[in-house]
Amino acid sequence: MKTLKAERKTNFSRTWEEESGLLNFLSSVHSEVDKFNSQFEFGIHFMPAVPKDIDGDGELPPKVGFIVERKNPLLPELTYCLYSLLKERDLCGYIGMYKEGSLKTFRELKPIKDFHQGTSALYEWMRQLVRASCEKVML
């Protein structure tokens with residue numbers, strides 16, 4: 001006698017964040033920042049604290065994908081930051097300055113639309129962060 005096993009199909013629907021590669025990209029940011037630092041030694045690190053506001057808006061910090069910081073050794077009192085926000089289906093990057101718990105934005109970067117190719121855009125964002133800190137952009 002032959003027993004037939006009923007096949008069970010589980011239908012997991014993948015979210016847009018999974019399909020687009022956004023989650024994989026965000027999970028790789030930490031290691032990519034470490035690689036960038038080991039190659040170029042610019043002293044970019046993840047920000048240990050979340051700012052209380054961004055440009056005066058207290059609702060933006062929880063929506064941030066990541067924040068990295070760079071201190072210019074020539075101006076140690078200034079902390080330059082690169083942060084990302086998801087707007088619709090684009091990850092937008094911004095350069096700003098962190099001071100007294102607040103982040104002030106002074107430059108918007110080209111957004112990442114294709115997260116499967118996001119590493120090269122992330123490296124460009126970090127180059128822009130280094131450039132801003134070397135130009136000693138001040139608010």
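Every heavy atom of this structure was used, including side-chain atoms; hydrogens, water molecules and symmetry mates were not.
- Considering only heavy atoms from C-beta on, Tyr94 comes within 4.5 Å of Leu85 through its side chain.
- Of the options Leu60, Val64, Ile67, a side chain to side chain contact (heavy atoms under 4.5 Å, CB included) to Pro51 is made by Ile67 and by none of the others.
- In this structure, SG on Cys81 lies 8.0 Å from OH on Tyr98, to the nearest 0.5 angstrom.
- Nearest approach of Lys104 to Gly56, heavy atoms of both residues: NZ-N, 4.3 Å.
- Of all heavy-atom pairs between Ala132 and Arg107, the closest is CB-NH1, 4.0 Å.
- In terms of heavy-atom proximity, Ser102 sits nearest to Asp53 at OG-OD2, 2.9 Å.
- Ring geometry for Phe46 against His30 counts as parallel: the plane angle stays under 30°, on a 0 to 90° scale with 60° as the upper cut.
- Put simply, the side chain of Trp125 reaches to within 4.5 Å of the side chain of Ile112, judged on heavy atoms.
- Met97 has its side chain out of reach of Thr79: every pair of non-hydrogen atoms, C-beta onward, lies at least 4.5 Å apart.
- Looking at heavy atoms from C-beta onward, Lys52 lies out of side-chain contact with Pro61 at the 4.5 angstrom threshold.
- With values rounded to the nearest 0.5 angstrom, Arg89 atom CZ is found 10.5 Å from Leu22 atom CG.
- In this structure the side chain of Arg70 reaches within 4.5 angstrom of the side chain of Cys134, judged on heavy atoms.
- The 12-atom threshold is exceeded at CD of Gln39, counting heavy atoms of other residues, nucleotides or ligands nearer than 6.0 Å.
- Met47 is not connected to Leu86 by any chain of hydrophobic side-chain contacts under 4.5 Å among Ile, Leu, Val, Met, Phe, Trp and Tyr, and they are in different clusters.
- Taking the side chain as every heavy atom from C-beta outward, Phe42 and Leu129 never approach each other to under 4.5 Å.
- Here the closest heavy-atom approach between residue Ser38 and residue Glu41 is recorded as O-CG, 4.4 Å.
- From His45, atom NE2 reaches atom CG of Asp34 across 9.5 Å, with rounding to the nearest 0.5 Å.
- Side-chain contact between Tyr80 and Phe106 is present, with at least one heavy-atom pair separated by less than 4.5 Å.
- When every heavy atom of Val68 is checked against every heavy atom of Val33, the shortest pair comes out as CG1-CG2, 4.0 Å.
- A perpendicular orientation is assigned to the rings of Phe36 and Tyr123, their planes being inclined by more than 60° (bins at 30° and 60°).
- With values rounded to the nearest 0.5 angstrom, Phe115 atom CZ is found 7.5 Å from Leu26 atom CG.
- To the nearest 0.5 Å, atoms NZ (Lys110) and CG (Leu91) are separated by 14.0 Å.
- Of the inter-residue distances, the one linking Tyr83 atom OH with Leu109 atom CG reads 9.5 Å to the nearest 0.5 angstrom.
- Under the 4.5 Å side-chain criterion, counting only non-hydrogen atoms from C-beta, Gln128 is not in contact with Leu82.
- Closest approach of His116 and Gly21 over heavy atoms only: CE1-CA, 3.9 Å.
- Between the side chain of Asp90 and the backbone N or O of Cys92, no donor-acceptor pair lies under 3.5 Å.
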